[in-house]
Amino acid sequence: MPAWPGPRSAREPRPRGRRGLPRLPVRLGLGVAVLVTAVAIAYFTPVFAVRTVRVDGAAAVPEDQVRAELGVPEGRSMLRIDTTAMAARVASIPKISTARVQRVFPGTVRVTVRERTPVLWFAGPGGAHLVDAEAVEYAVEPAPPAAPELTAAAPALRQAAVTVLTALPPALAAEVAKLEARSASDIALTLRDGRTVLWGGADDAARKAAVVGPLLTRDGTIFDVSSPNLVTVR
């Protein structure tokens with residue numbers, strides 16, 4: 001007859017039955033399943049469908065044109081829209097410089113645009129061709145009174161003229177009626193009072209801008225700052 005094993009030692013571990021198995025993997029699996037289901041519902045059902053399109057920053061460009069370029073599919077989930085592609089389409093509108101598209105949950109697409117503003121214009125087919133601060137020709141329409149006229153329309157000279165104009169002190173830039181760019185190194189400004197500033201090239205713009213203001217306080221009609229170390233008035 002086998003011997004009775006006797007009482008189990010208090011330090012001896014108790015064998016683990018089915019109730020002792022770890023439950024963490026089961027709970028983790030359930031959590032993943034719930035998460036996948038929730039994502040699927042949000043991705044493929046109208047729970048987060050686009051319901052509102054908000055356009056910020058548009059003034060010269062009609063909001064309807066911005067919405068048309070966005071091309072948001074009706075009923076499409078917010079998670080399925082391509083905001084990068086949408087922004088690129090909106091930015092392709094000639095009068096828009098930049099566009100940003102954001103999701104605002106639960107159902108709003110917000111579009112923020114920055115429109116181009118003219119800094120000068122040149123005469124061409126159809127009328128006045130507007131040019132912005134990036135030297136981009138973006139529209140043919142009546143020129144604003146404050147924008148000076150450029151007499152050279154070649155793209156390289158257009159960029160040089162914009163560089164000169166944006167380097168001027170704001171008060172002086174507002175007084176420029178015309179920019180004549182005979183070459184990249186021969187740019188002249190005609191002020192609204194008839195005086196002429198011989199600017200030269202677009203290089204060394206900061207030094208030229210610093211000396212032209214004091215020079216214009218002197219009597220004369222032609223002010224030459226093409227060489228900022230040796231300015232002349234006549």
Side-chain angles (χ1 to χ4, degrees), residues 56-61 90-100 112-234:
D56 294 333
V61 179
V90 173
S92 70
I93 299 174
K95 289 187 177 183
I96 290 181
S97 175
T98 62
R100 181 185 182 190
T112 305
V113 302
R114 181 169 65 87
E115 295 182 330
R116 300 185 187 277
T117 55
V119 296
L120 53 80
W121 62 277
F122 63 89
H129 293 237
L130 306 186
V131 178
D132 73 350
E134 298 173 344
V136 174
E137 175 196 347
Y138 67 92
V140 180
E141 58 186 46
E149 179 184 4
L150 174 65
T151 59
L157 298 183
R158 190 186 311 158
Q159 178 63 69
V162 168
T163 300
V164 170
L165 187 63
T166 54
L168 295 176
L172 178 57
E175 294 301 316
V176 178
K178 182 182 293 186
L179 285 88
E180 183 179 2
R182 290 182 284 267
S183 70
S185 60
D186 186 4
I187 298 174
L189 316 177
T190 301
L191 305 185
R192 299 187 188 278
D193 61 9
R195 292 182 295 174
T196 299
V197 176
L198 303 179
W199 191 269
D203 59 312
D204 215 1
R207 295 182 61 201
K208 293 176 182 179
V211 301
V212 70
L215 193 66
L216 287 170
T217 62
R218 298 166 59 179
D219 293 334
T221 57
I222 299 177
F223 302 80
D224 190 345
V225 296
S226 57
S227 177
N229 293 325
L230 184 62
V231 298
T232 61
V233 179
R234 61 181 187 271

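In this chain, numbering begins with 1 at the start of the sequence shown. Keep in mind it's a predicted model, so treat the numbers as computed, not measured.
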Is there side-chain contact between Val113 and Val90, with at least one heavy-atom pair below 4.5 Å? yes
Check whether any side-chain heavy atom of Leu172 sits under 4.5 Å from a side-chain heavy atom of Val197, and report yes or no. no
If I take atom [atom1] from residue [X] and atom [atom2] from residue [Y], how far apart are they, to the nearest 0.5 angstrom?
X      : Y      : atom1 : atom2 : result
Thr163 : Asp203 : OG1   : CG    : 10.5 Å
Glu180 : Leu189 : CD    : CG    : 10.5 Å
Arg234 : Thr221 : CZ    : OG1   : 8.0 Å
Gln159 : Glu134 : CD    : CD    : 9.5 Å
Leu230 : Asp224 : CG    : CG    : 8.5 Å
Leu179 : Arg158 : CG    : CZ    : 13.5 Å

So, are Glu175 and Arg195 salt-bridged, with charged N and O less than 4.0 Å apart? no
Could you tell me which non-hydrogen atom of [X] sits nearest to which non-hydrogen atom of [Y], and how far apart they are?
X      : Y      : value
Phe223 : Leu215 : CE2-O, 3.3 Å
Thr151 : Ala181 : OG1-N, 3.8 Å
Ala167 : Ala209 : O-CB, 3.4 Å
Ala123 : His129 : C-CD2, 4.4 Å
Pro148 : Leu165 : CG-CD2, 3.9 Å
Ala139 : Lys95  : CB-CE, 4.0 Å

Under the side chain to side chain contact (heavy atoms under 4.5 Å, CB included) rule, what do Leu130 and Tyr138 come out as? Steps first, then yes or no, please. CA-CA 6 Å; Leu130 306 186; Tyr138 67 92; 3.8 Å; yes
Which of these, Val225, Asp204, Asp186, sits in a side chain to side chain contact (heavy atoms under 4.5 Å, CB included) with Trp199? Val225
Check whether any side-chain N or O of [X] sits under 3.5 Å from a backbone N or O of [Y] as a donor-acceptor pair, and report yes or no.
X      : Y      : answer
Trp121 : Ala147 : yes
Lys208 : Gly201 : yes
Glu115 : Ala59  : yes
Arg116 : Glu137 : no

Please report the C-alpha distance between Arg100 and Thr112 in whole Å, then the side-chain angles of each, then the deciding distance to 0.1 Å, and finally whether the side chain to side chain donor-acceptor pair (under 3.5 Å) criterion is met. CA-CA 5 Å; Arg100 181 185 182 190; Thr112 305; over 6 Å; no
Let's go through Leu150 and Val131 carefully: what are the C-alpha distance in whole Å and the side-chain angles of both, what is the deciding distance for side chain to side chain contact (heavy atoms under 4.5 Å, CB included) to 0.1 Å, and is it a yes or a no? CA-CA 10 Å; Leu150 174 65; Val131 178; 5.8 Å; no
What verdict does the side chain to side chain contact (heavy atoms under 4.5 Å, CB included) test give for Asp132 and Thr117, after you've listed the backbone C-alpha separation in whole Å, the side-chain angles of each residue and the deciding distance to 0.1 Å? CA-CA 5 Å; Asp132 73 350; Thr117 55; 5.6 Å; no
